[in-house]
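A note on names: the letters A, B, ... follow the listed sequences, proteins ahead of strands, and every chain is numbered from 1. Excluded from the calculations below are hydrogen atoms, water molecules and symmetry mates; all remaining heavy atoms, backbone and side chain alike, are included.
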Amino acid sequence: MTATHDHAHVEAYPEHFEPPPGTWRRLLFGPGLLRGAWMGALFFGLGTLLVLVLRWWWSWEPVWNTEVVLAVAAMTMAPIGFLAGIGSFDYWLHYIAGRPTRPEDHSGHGAQSWKDYFRVNTDHKVIGIQYIVTTFVFFAIGGLMAMFFRAELAQPGLQFVDSQTFNGLVSVHATLMIFLFIIPAFAGIANYAVPLMLGAPDMAFPRLNALSFWLLPIAGIMFVASFLAPGGAFGAGWTGYAPLAEGQPLGQTFFNMGVQWAGASSIMTALNFLVTIITMRAPGMTFWRMPLLVWANFTTSLLVVLATPFIAGSQFFVMFDRIMHTSFFTPEGGGYVLGYQHIFWFYSHPAVYIMMLPGFGIVSEVISTMSRKPIFGYRLMALSLIGILVLGFSVWAHHMFVAGMADWLRVPMMITTLLIAVPTGIKVFSWTATLWRGRIHLTTPMLFALGFVTMFVIGGLSGIYLGSVPIDIAASDTYFIVAHIHYVLFGGSVFTIFAGIYYWFPKMTGRMYDERLGKWHFWLTFVSFNVTFFPMHYVGLRGMPRRVFDYDEAFGDVNFVITVASFVLGASFVLFVYNMITSWVAGPVAGSNPWRAQTLEWQVSSPPPIFNFDEIPQVVAAPYEYGVAGARHAVMSPAREAQEATA
Amino acid sequence: MRKGIVQLAAIGVVIGVALTLVAVLLQWLPESASEEFDRIQGVYWFATIISIGIFSLVTAVVIFSVWKWRVPDDDDEDGPPIHGHTGLEILWTAVPAILVTAIGIVSAIVLARNGEAGTRPLEVQVIGQQFAWKFVYPDFDDLETGELVLPVGQETRFTMTALDVIHSFWVPNFGQKMDAVPGIETTILVTPDRTGDFAVVCAELCGLGHATMRASARVVTQEEFDAWVEEEQA
């Protein structure tokens, strides 16, 4: 497809299809947030009616059951109505109904004004930014919750909140950070970067892409709204272990259903990435020429597609136990309590890699570009991702060493767990070898990438302690786990997200962020992160269990220090937000390739043209040929160059 | 380059020594009060030595590289096009594999030792219920207590279950922990090797009172234990 073709399609777009702009009919009946609102309300009403009629018909007492009404009407029907209202299904519904469709409709492509970010938009670049901004909003909410319960934990005993609220804060914090920040923030960055890196005009399924974004805010609002439920937010942890979760107040259903929406979003995006990466690579872009970010998202997407249905199942079973009186996990009815944990961790361990592999990809891009050297051992870097993918499915029960599962499972699971250190180690050593003799530009993304490498090593090593069954028996369910997971997910994933945002900021906005503020942000985050989380190893080993509002007096001083540091960590985020907003509005113009990178996204303007490439590029070599005289990754105008060559 | 290697090694040694001091001077682990925890602490130190080595190596290379090869922002040259080195790549695949295998073997041995019940262990049933622990001694007419009392040096087998949700039986000083799960029985062995008062802590989130679900564990001499049993049964 060429630029002239695209242009023709845009012109062929039938103008009469929409009601004339600005009228009340268009506002009310055209796709948009307003229609989303009333259709959401309408579907809520329909769902409520359905529940009431059915319950009355079967003479179930009481006819009004708040939990059932909420699960069906508010958490299933209303979101569908909302999605239909904003126009996510318009094309498909028109197609099904035999009405005229718009096969080459690009009206939803690109963003002319800020309002376009609040509409269903099929442009992967717009969707990428929608994802990133949304996820950072939830990052801020989840972070505030963390600061709130850190305030509670500054001293032993109860100060500010009651016990259920505390458990709710801890649970919602983790849930938001995992399902509404780390996983989708990576999806957002990849959404923006991957099609560009492949030389593709968009993702394979743009409408599906738009839909998968709009599922996210639904999930996020459900998690946060659980605080409004009678009895408070879900308080069984983000792990929601049965049977504790089954005895929780109503808020638990918000978790059960929220996970479904977030999970559906993940699966759709992952399918989209897989098809895009397999079928939409530019000519010459063989698998061995793909940038490592693409490789990382390829493996991540495989993990998501294979694993996510398991958490969906586990949460449905818990919800059925709660509202349909099944007994999947209740021993009284013959259920098997440990079954929950097996199913849950069969997703949630691979999820740890879902939350890490895209970060590996980002860091590979940043370190190679900023060291001005090819990535060291490119093929092994790609293969180690595959190694982690395969091993990642065989380690889930290491979360259950003290859960009372079959004894014989422990040693095999320990061995596979420890072996994951090998492909992960390969990556760490390759990054350091890429630095070696490079010409290192210590920009903000590079600082975050190097901060990641060192902090992630700490998280990986504490993972080895936990992988060893005897140590895990002592350290499991303590603050040592809290420290480990934050070194992996904050020092690991969040650092790479920051690296990625700073790295692609000039590409996304066309402007440069403030380097000085960026460095301040890094150092403040780096130091306060370590002061917050490193001492948690200590209190954990010494005997402080996790998820407690009250603890032994002996841990008071350390916890006070942790709380103070966590406030500094929170404050450092303000610097980031300020930098992003002011630079987006009025930063210096960045140019198309400020980092002199070789991957394809940097060979087009910043921000890129609406269909990314005026001409489909011809890929001719590997993506990181720094220092190779005359080397380039791709020919951007193959037709013209061919002409010039013959002329 | 020889000078560079020496500098790199110096950075690595400084980091390694600093970390070793932090590891040794701070009391990271609770004082062990069981034979099982003594063995676990052995694995802990083994893993710590390896961890300090690896962390020092990686950090030293990062710091050294940035210090040595950092260029000003406006520099527009590229580094040497080194694409890889098969020997090195094999090395850093094999060495970590050997190290983690070593940790795995040591762990498996300790796990097996810690799971060997002696000829005649003292049986204690542990029952977890929101938000209290109950201990039953079947050897002594199902004596029921809220305080765990154990004779020193006697291998004890805890068999546990829960009545409502999952709890986790943990005495930090024993280094052993096991979930008490409704519907099934789980076991763990502890051989206290020191007398004293310790805390029983619930380690698995079990609801509103989770943080306060504690009990006390008292390890006493065999004679004191016998006297205690007699007194409780009277």
Side-chain angles (χ1 to χ4, degrees), chain A residues 163-164 236-237 241 243-244 247 331 337-338 371-374 376-377 380 402-404 411 414-415 418-419 421-422 425-426 428-429 432 435-442 450 453-454 457-458 461 464-465 468-471 473-474 476-478 538 541-543 545 547-550 626-628, chain B residues 28-30 37 39-40 43-44 47 51 54-55 58-59 61-62 65-66 69-71 73 75-84 88-89 92-93 96-97 100 103-104 107-108 110-111 114 165-166 168 172 175-179 181-184 186 201 203-208 210-212:
Chain A
S163 174
Q164 178 70 23
Y241 272 15
L244 178 64
V337 172
L338 291 185
S371 307
R372 314 304 307 161
K373 273 184 65 198
F376 194 94
L380 200 58
V402 299
V411 170
M414 167 171 77
I415 291 167
L418 292 174
L419 281 179
V422 175
I426 290 172
V428 170
F429 293 128
T432 53
L435 293 172
W436 194 259
R437 290 179 61 201
R439 297 186 72 80
I440 297 170
H441 294 258
L442 211 56
L450 297 181
V453 172
T454 46
V457 168
I458 297 180
L461 292 170
I464 288 189
Y465 285 76
S468 156
V469 183
I471 305 179
I473 288 175
S476 181
D477 289 321
T478 69
Y538 172 79
L541 288 174
R542 295 290 297 172
R547 295 168 166 173
V548 288
F549 58 81
D550 186 19
Y626 301 107
V628 182
Chain B
W28 286 84
L29 297 171
F37 202 20
R39 288 189 279 262
I40 292 174
V43 190
Y44 166 86
S51 298
I54 291 175
F55 181 78
V58 172
T59 321
V61 175
V62 170
S65 302
V66 171
W69 294 303
R70 186 177 172 187
V71 295
D73 291 346
D75 180 281
D76 59 2
E77 275 178 57
D78 284 348
I82 307 166
H83 284 87
L88 259 183
E89 288 169 44
W92 66 47
T93 308
V100 295
I103 294 176
S107 302
V110 167
L111 182 69
N114 281 357
V165 300
I166 302 171
S168 194
Q176 293 283 68
K177 180 188 294 124
M178 183 52 72
D179 284 6
V181 183
I184 61 172
T186 56
V201 180
E204 182 69 56
L205 178 63
C206 60
L208 299 178
H210 167 55
T212 53

Asker: Measure A:Tyr538 against the heavy atoms of chain B and call it side chain, backbone, both or neither at under 4.5 Å.
Answerer: both

Asker: Could you tell me which of B:Trp92, B:Phe55, B:Tyr44 has the largest number of non-hydrogen atom pairs under 4.5 Å with chain A?
Answerer: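 Heavy-atom pair counts peak at B:Trp92.
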
Asker: Do you know which two heavy atoms are closest between B:Glu204 and A:Arg547, and how far apart they sit?
Answerer: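 It is OE2-NH1, 4.4 Å.
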
Asker: Would the distance check show the side chain of B:Lys177 and the main-chain N or O of B:Ala203 forming a donor-acceptor pair, the cut-off being under 3.5 Å?
Answerer: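 Not confirmed, B:Lys177 side chain does not pair with B:Ala203 backbone.
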
Asker: Report yes or no: does A:Ser468 contribute a side-chain atom to a donor-acceptor pair with the main-chain N or O of A:Ile464 at less than 3.5 Å?
Answerer: no

Asker: Sort A:Pro470 into side chain, backbone, both or neither according to what part of it lies under 4.5 angstrom from a heavy atom of chain B.
Answerer: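 When you check distances to chain B, atoms from both the backbone and side chain of A:Pro470 fall under 4.5 Å.
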
Asker: Picking from B:Ile82, B:Thr59, B:Ile184, which has the most non-hydrogen pairs under 4.5 angstrom with chain A?
Answerer: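 Highest number of pairs under 4.5 Å: B:Ile82.
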
Asker: Highest number of heavy-atom pairs under 4.5 Å with chain A: which of B:Asp73, B:Thr186, B:Leu111, B:Val61?
Answerer: B:Leu111

Asker: Heavy atoms only: give me the nearest B:Asp179-B:Ser168 pair and the separation to one decimal.
Answerer: OD1-OG, 2.7 Å

Asker: Just give me the residue among B:Val110, B:Asn114, B:Thr212, B:Val58 that pairs up with chain A most often, heavy atom to heavy atom, under 4.5 Å.
Answerer: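 The answer is B:Val58.
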
Asker: Can you give me the closest heavy-atom contact between A:Ile440 and B:Ser65, atom names plus distance?
Answerer: CD1-O, 3.5 Å

Asker: Looking at every heavy atom in both A:Arg542 and B:Trp28, which two are closest together, and how far apart are they?
Answerer: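 Distance-wise, the nearest heavy atoms are CD-O, 3.6 Å.
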
Asker: Heavy-atom pairs under 4.5 Å with chain B are the metric here; pick the option from A:Leu244, A:Val453, A:Leu419, A:Ile426 that has the most.
Answerer: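 Top count of heavy-atom pairs under 4.5 Å with chain B: A:Leu244.
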
Asker: Taking every non-hydrogen pair under 4.5 Å, which of A:Ala421, A:Gly237, A:Gly247, A:Gly404 racks up the most with chain B?
Answerer: A:Gly404

Asker: B:Pro172 versus chain A, heavy atoms under 4.5 Å apart: side chain, backbone, both or neither?
Answerer: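 Only the side chain of B:Pro172 comes within 4.5 Å of chain A.
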
Asker: For the interface with chain B, which of A:Thr478, A:Ile458, A:Asp477 has the highest count of heavy-atom pairs at distances below 4.5 Å?
Answerer: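 Top option by heavy-atom pairs under 4.5 Å: A:Asp477.
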
Asker: Checking heavy atoms, do the side chain of A:Phe549, its backbone, both or neither come under 4.5 Å from chain B?
Answerer: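 For A:Phe549, backbone and side chain are both near chain B.
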
Asker: At a 4.5 Å cut-off on heavy atoms, which part of A:Ile415 comes close to chain B: side chain, backbone, both, or neither?
Answerer: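 Neither part.
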
Asker: Please check if the side chain of A:Thr432 supplies one atom and the backbone of A:Phe429 the other of a donor-acceptor pair under 3.5 Å.
Answerer: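 Yes: the side chain of A:Thr432 pairs with the backbone of A:Phe429.
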
Asker: Under 4.5 Å heavy-atom distance to chain A, tell me which part of B:Val62 shows up: side chain, backbone, both or neither.
Answerer: both

Asker: If I measure from the heavy atoms of chain B, does A:Val428 come under 4.5 Å with its side chain, its backbone, both, or neither?
Answerer: side chain

Asker: Distance-only, no hydrogens or angles: does the A:Lys373 side chain make a donor-acceptor pair with backbone N or O of A:Arg437 under 3.5 Å?
Answerer: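 No; judged by distance alone, with no hydrogens or angles, the pair does not exist.
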
Asker: Considering non-hydrogen atoms only, spot the tightest contact between B:Trp69 and A:Gly438 and give its length.
Answerer: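 Nearest heavy atoms, B:Trp69 then A:Gly438: CB-O, 3.1 Å.
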
Asker: For A:Val337 and A:Pro331, work out which heavy atoms get closest and say how close.
Answerer: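 Closest approach of A:Val337 to A:Pro331: CG2-CD, 3.7 Å.
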
Asker: Within the structure provided, determine whether B:Val71 and A:His441 are in side-chain contact (heavy-atom separation under 4.5 Å).
Answerer: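 Touching, per the 4.5 Å side-chain cut-off.
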
Asker: If you count heavy-atom pairs under 4.5 Å between each of B:Gly175, B:Ser51, B:Cys206 and chain A, which one has the most?
Answerer: B:Ser51

Asker: Does any backbone or side-chain atom of B:Val201 lie under 4.5 Å from a heavy atom of chain A? Answer side chain, backbone, both or neither.
Answerer: side chain

Asker: Among B:Ile54, B:Val66, B:Leu88, B:Asp75, which has the most heavy-atom pairs under 4.5 Å with chain A?
Answerer: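 Most pairs with chain A among the choices: B:Asp75.
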
